[in-house]
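One structure is given here, and the rest of the page talks about it.
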Amino acid sequence: MRIARFAAGGDPQYGVVELAEDNGRHPDTIAVVTGDPIAMQVQLTGERIELDAVRLLAPVIPRSKVLGIGRNYAAHAAELGNELPTTPLTFFKPNTAVIGPDEAIVYPSATKDLNFEGELAVVIGRICRQVPMSRVPEVIFGYTVGNDVTARDLQRTDGQWARAKGYDTFCPLGPWITTHQSLEEVADLQIRTTLDGVEMQKGRTRDMVFGVAELVAYISSFTTLLPGDVILTGTPEGVAPMLPGQEISIEIEGIGTLRNTVTADQPRPESGE
């Protein structure tokens, strides 16, 4: 099942996406549901909307936090000249960084080296802490595509990553959440990133240093995870700069494609007296 959050001329709504590839009776439509499926039991309303008539939004707005994992692919760590961590290297991104498909990533004036990082994102479905690996499937709501946008020069100079990864718009998510995949299925998916149509990243989740179950167990050992929290699981090799006017597209096999453009930061007007 694919759960989307969308707008169709009014307040955000949730629905179940049916694609043509599903060979169902209602290709490329969204069946509207009541409420937020991450937070409550929902029901179909009976309303169905054409997919191209809605604006897809970030499929989840984390109520609490986004957790990122650094250097979780050996080739990516090597391309940046870093050693592999012996335990997951974690950091936080604020939930204010989250944007949805086709929204603009704002290029801050403070950086000269803004990078994309295509990643598998895990969406938590229930309150949990100290989750053993064997029970991780019970706490996962589903999976989506993420872009861990990073100001690489600020990451190098600051010594910690809050600013480099925390600007508004630095966490695109989408286009929807898939809820039907098992841990075994997501353990070997292709991640492919293009910049203006040119392939930049092509890796597989099987190359993660720490898999999804290990990451959820490790993170939940030191912080309580809440419904809607998102874990970005790391990026394959091939990260590179992107510039205003360019389009970044991240496709994960079996999940979907997340597209965003980059726009220059706009100068803010001076405040009046």
Side-chain angles (χ1 to χ4, degrees), residues 66-93 97-98 105 107 111-122 143-167 169-174 183 186-219 230-243 246-260 262:
V66 177
L67 291 116
I69 305 298
R71 305 172 192 169
N72 201 29
Y73 287 76
H76 170 60
E79 73 178 344
L80 296 182
N82 297 312
E83 295 183 359
L84 286 178
T86 56
T87 58
L89 176 58
T90 59
F91 57 90
F92 289 99
K93 290 174 84 87
V98 173
I105 299 167
Y107 197 119
T111 181
K112 303 299 182 186
D113 189 11
L114 191 66
N115 286 200
F116 56 81
E117 295 190 5
E119 310 200 3
L120 173 70
V122 181
Y143 304 91
T144 191
V145 183
N147 187 350
D148 178 21
V149 178
T150 304
R152 195 69 68 197
D153 48 355
L154 303 185
Q155 185 183 28
R156 288 190 293 266
T157 59
D158 285 1
Q160 50 78 32
W161 300 355
R163 185 168 65 129
K165 291 177 175 285
Y167 276 90
T169 76
F170 273 24
C171 189
L173 297 173
L183 279 177
V186 300
D188 190 15
L189 300 178
Q190 179 179 275
I191 301 176
R192 181 174 180 268
T193 302
T194 62
L195 185 66
D196 286 343
V198 177
E199 184 175 277
M200 306 296 290
Q201 291 184 290
K202 189 175 183 180
R204 301 197 70 86
T205 55
R206 69 187 178 206
D207 295 325
M208 289 183 187
V209 178
F210 305 101
V212 170
E214 292 173 280
L215 295 176
V216 174
Y218 180 81
I219 292 168
V230 173
I231 299 172
L232 300 174
T233 59
T235 194
E237 67 178 315
V239 299
M242 52 185 178
L243 297 170
Q246 293 189 301
E247 181 185 78
I248 186 74
S249 177
I250 302 166
E251 178 184 7
I252 299 185
E253 177 185 7
I255 296 179
T257 302
L258 172 66
R259 295 183 182 88
N260 299 92
V262 184

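This structure is a prediction, so every number in the text was calculated from the model and none was measured.
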4.5 Å side-chain heavy-atom contact, [X] and [Y]:
X      : Y      : answer
Thr169 : Tyr107 : no
Tyr143 : Thr233 : no
Val149 : Pro172 : yes
Ile231 : Ile219 : yes
Val262 : Leu243 : no
Asp113 : Arg156 : yes
Ile248 : Ile105 : yes
Glu79  : Val239 : yes

Pairwise distance [atom1]([X]) to [atom2]([Y]) - rounded to 0.5 angstrom:
X      : Y      : atom1 : atom2 : answer
Thr111 : Arg152 : OG1   : CZ    : 10.0 Å
Phe116 : Asn260 : CZ    : CG    : 13.0 Å
Leu195 : Ile250 : CG    : CD1   : 10.5 Å

Could you tell me which non-hydrogen atom of [X] sits nearest to which non-hydrogen atom of [Y], and how far apart they are?
X      : Y      : answer
Thr194 : Gly197 : CB-C, 3.9 Å
Ala77  : Arg71  : CB-CB, 4.1 Å
Leu183 : Ala213 : CD1-CB, 4.1 Å
Gly118 : Pro236 : O-CD, 3.4 Å
Leu120 : Met208 : CD2-CE, 4.0 Å
Ala121 : Gly146 : CB-N, 4.3 Å

Residue that, paired with Leu215, satisfies side-chain contact (heavy atoms from CB on, under 4.5 Å) out of Thr90, Ile69, Leu232: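 Result for side-chain contact (heavy atoms from CB on, under 4.5 Å) with Leu215: Ile69.
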
Hey, is the main chain of [Y] close enough, under 3.5 Å, to the side chain of [X] for a donor-acceptor pair?
X      : Y      : result
Thr144 : Gly174 : yes
Lys93  : Tyr167 : no
Asp153 : Lys112 : yes
Asn72  : Phe210 : yes

Please lay out, stage by stage, how Val145 and Leu173 fare under the test side-chain contact (heavy atoms from CB on, under 4.5 Å). CA-CA 6 Å; Val145 183; Leu173 297 173; over 6 Å; no

Salt bridge or not for [X] and [Y], using N-O below 4.0 Å?
X      : Y      : value
Glu117 : Lys165 : yes
Arg206 : Asp188 : yes
Arg204 : Glu253 : yes

Dump the intermediate steps for side-chain contact (heavy atoms from CB on, under 4.5 Å) on Val66 and Phe91, then the final yes or no. CA-CA 9 Å; Val66 177; Phe91 57 90; over 6 Å; no

Cys171 and Asn147: CA distance, side-chain angles, deciding distance, side-chain contact (heavy atoms from CB on, under 4.5 Å) verdict: CA-CA 6 Å; Cys171 189; Asn147 187 350; over 6 Å; no

Surrounding CD of Gln160 (heavy atoms of other residues, nucleotides or ligands, distance under 6.0 Å), is the total greater than 12?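 Yes, CD of Gln160 has more than 12 neighbouring heavy atoms, counting only those of other groups under 6.0 Å.
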
Can Gln201 and Thr193 be counted as having a side-chain donor-acceptor contact under 3.5 angstrom?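 Checked: Gln201/Thr193 side chains pair up, N/O donor to acceptor below 3.5 Å.
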
Would you check if there is a donor-acceptor pair between the side chains of Thr150 and Asn115 at a distance under 3.5 Å?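 No.
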
Any chance you could lay out the side-chain contact (heavy atoms from CB on, under 4.5 Å) test for Thr205 and Tyr73, step after step, and finish with the verdict? CA-CA 9 Å; Thr205 55; Tyr73 287 76; 3.9 Å; yes

